[in-house]
Amino acid sequence: MLLRRVLFVKSVERLARRSDRAPPARRLPAPRRLSTVASPSAATPSNAPKPSRISSEESFVSKHFGKISLAVLGALGGLVYTYYLSIQDRKQVEQLVEQEGALDPYEILQLRHVNALAREDFESVVDACAHAIHAAQPMTYRDFVALVTATLAQRGRPPIESGFLLDRLVCNVVARLQRGGPLVAAVQPSAAAAAAAADPPSSSGGAAYLDYPLPVDLLCVALNLAMLRDAEARVAALFALGQAMEGRSARDAAKGAAAVSQPLRTATTHRLVELLQATDQLPVEKQVCETGTVWPVRTYRRKLPADLVADKVPQRLSAKRDGVQGTGADDRVDLATATWSATDVQTLLLCRQVCAWGACYLDRDDD
């Protein structure tokens, strides 16, 4: 009993001594200011990585994405619109060339089908008027028709059928010559509109074209429309016409066969291409080229005969036809002094740039 009381007293004294001791003081953190908490630089550690240049550029693109997209779409729209205007300009030139023509392609096919003149028939007509061709003496269409009829009768051939098509063609050529213009004019949409306003087409008809003096080589090339559908035979007939234009005739036996197969001069070849173009024997789409103006809109015009023959030097044609690579010597050939063999003339007229009678579309590889 006494022992319990003694232990109780000691425990009370021990608790009293513990309660008299002061607890250790704790150090409280310093209070933060409001400006320091709101500032992002203070919240970001000093060793944090800085924003890269790529992220800044991306932010610029994202910030102006609408403006950039609108500028790109506007540029693309402008390119499409200028391309559309260029296509329209080319179509206008093709329409002007087509309106200037007198015969449609199906009418030319009809003229060939009902007549089918052979190469010998055409050369007989050329020989009959060879002197007038070489001397550049004009002949009326009425006299030419009589000469053709008489020549074909001697060969046992009937007169030309569907002659009204040739009549229409010659009438169109006479109307062009009466206006004072060339056989082939480099028409452009703006120039054609100005010419039409200054000189409207006349509606007066009649048979005045029958007695209008015309070059005989022009009438012979118009007669070429009535030949067979074989393009090579028509080219050979035109080469014989070129021989007559230079004073060589197949009837002149004294000159021999070698004389009548001599190469043609470039001027004669130019003349043949011009006559083919004037008598609607070249496709419309092959008679259009660029004017050289590309800004703001690419413009077009009609090709002249010189444009069709300019890049066709005979030596280059022969090298390309034979598969021989040029050595650079052909580039020094002067086109004015070049000569054209029968094969060169055929390659020229049937290539894709000239494409007489549309023959280049008949699975040909000659360019």
Side-chain angles (χ1 to χ4, degrees), residues 102-135 137-174 207 209-253 255 257 260-261 271-272 275-276 278-281 342 345-346 349-350 356-359 362:
L103 299 180
D104 293 329
Y106 73 90
E107 292 178 329
I108 296 177
L109 292 177
Q110 174 188 351
L111 190 60
R112 292 176 187 161
H113 178 72
V114 298
N115 292 284
L117 294 180
R119 171 185 172 182
E120 293 76 12
D121 299 330
F122 184 87
E123 291 180 353
S124 298
V125 174
V126 171
D127 292 338
C129 52
H131 177 71
I133 294 174
H134 177 60
Q137 296 178 355
M139 180 182 295
T140 63
Y141 181 60
R142 189 191 305 273
D143 296 339
F144 182 75
V145 171
L147 184 145
V148 171
T149 304
T151 304
L152 294 180
Q154 292 177 2
R155 296 183 54 83
R157 295 295 303 267
I160 297 295
E161 299 183 19
S162 299
F164 65 93
L165 297 175
L166 290 178
D167 297 346
R168 190 200 308 165
L169 174 64
V170 173
C171 182
N172 185 26
V173 172
V174 170
Y209 69 94
L210 291 174
D211 299 319
Y212 190 88
L214 293 170
V216 185
D217 54 359
L218 170 65
L219 297 173
C220 290
V221 172
L223 182 64
N224 190 275
L225 288 168
M227 285 191 61
L228 294 169
R229 300 185 63 178
D230 185 13
E232 285 77 7
R234 292 197 296 271
V235 172
L238 290 177
F239 187 78
L241 175 61
Q243 297 288 333
M245 294 167 63
E246 296 185 359
R248 297 183 293 272
S249 174
R251 278 190 174 183
D252 194 353
K255 294 182 179 180
V260 296
S261 60
R271 178 64 175 172
L272 291 176
L275 296 177
L276 287 173
T279 53
D280 306 337
Q281 301 190 51
V345 173
Q346 176 177 328
L349 296 183
L350 303 186
W357 315 292
L362 303 178

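Note that the numbering runs from 1 along the sequence shown for the chain. Basis for what follows: all heavy atoms, side chains included, without hydrogens, waters or symmetry-related copies.
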If you apply the rule side chain to side chain contact (heavy atoms under 4.5 Å, CB included), what do you find for Phe239 with Leu272, and how did you get there?
CA-CA 9 Å; Phe239 187 78; Leu272 291 176; over 6 Å; no
> Would Val345 and Leu238 count as a side chain to side chain contact (heavy atoms under 4.5 Å, CB included) if you check the C-alpha gap in whole Å, the side-chain angles of each, and the deciding distance to 0.1 Å?
Replying inline: CA-CA 9 Å; Val345 173; Leu238 290 177; 5.9 Å; no
Verify side chain to side chain contact (heavy atoms under 4.5 Å, CB included) between Asp230 and Arg119, making sure each step is shown before the conclusion.
-> CA-CA 10 Å; Asp230 185 13; Arg119 171 185 172 182; over 6 Å; no
- prompt: Phe144 and Leu218: side chain to side chain contact (heavy atoms under 4.5 Å, CB included), yes or no, with the steps?
  reply: CA-CA 11 Å; Phe144 182 75; Leu218 170 65; over 6 Å; no
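In this structure, the side chain to side chain donor-acceptor pair (under 3.5 Å) partners of Thr140, at least two apart in sequence or on a different chain, are Asp143. For Asp121, the salt bridge (charged side-chain N to carboxylate O under 4.0 Å, His left out) partners at least two apart in sequence or on another chain are Arg155, Arg157. Residues meeting the salt bridge (charged side-chain N to carboxylate O under 4.0 Å, His left out) test with Asp280, sequence neighbours left out: none. In this view, Leu228 and Ala116 satisfy the side-chain contact (heavy atoms from CB on, under 4.5 Å) rule, not counting sequence neighbours. Taking Glu107 as the reference, Arg168 meet the side chain to side chain donor-acceptor pair (under 3.5 Å) condition, with sequence neighbours excluded. Every side-chain contact (heavy atoms from CB on, under 4.5 Å) that Glu161 has, sequence neighbours left out, goes to Val114, Asn115. Applying the side-chain contact (heavy atoms from CB on, under 4.5 Å) criterion to Ala240, with sequence neighbours excluded, gives Glu123. Under the side chain to side chain donor-acceptor pair (under 3.5 Å) criterion, Asp104 pairs with no residue at all, not counting sequence neighbours. Not counting sequence neighbours, the partners of Ala132 by the side-chain contact (heavy atoms from CB on, under 4.5 Å) test are Gln137, Val216.
Closest approach of Ala231 and Trp357 over heavy atoms only: O-CZ3, 3.9 Å.
For the side chain to side chain contact (heavy atoms under 4.5 Å, CB included) with Val170, the lone residue among Val173, Val174, Asp167 that qualifies is Val174.
A heavy-atom distance below 4.5 Å is found between the side chains of Leu103 and Leu225. A 4.5 Å side-chain heavy-atom check between Ile160 and Leu152 finds at least one atom pair inside the cut-off. Looking only at side-chain heavy atoms (C-beta outward), Val125 and Leu117 stay at 4.5 Å or farther from each other.
Side chain of Gln281 to main chain of Asn224: no donor-acceptor pair is present (N/O by atom type, distance under 3.5 Å, no hydrogens or angles).
Here Gln243 contributes atom CD and Ile133 contributes atom CD1; the two are 12.0 Å apart, rounded to the nearest 0.5 Å.
Sorted by first then second residue, the salt bridge (charged side-chain N to carboxylate O under 4.0 Å, His left out) pairs that include residues 212-227, not counting sequence neighbours, are Asp217-Arg271.
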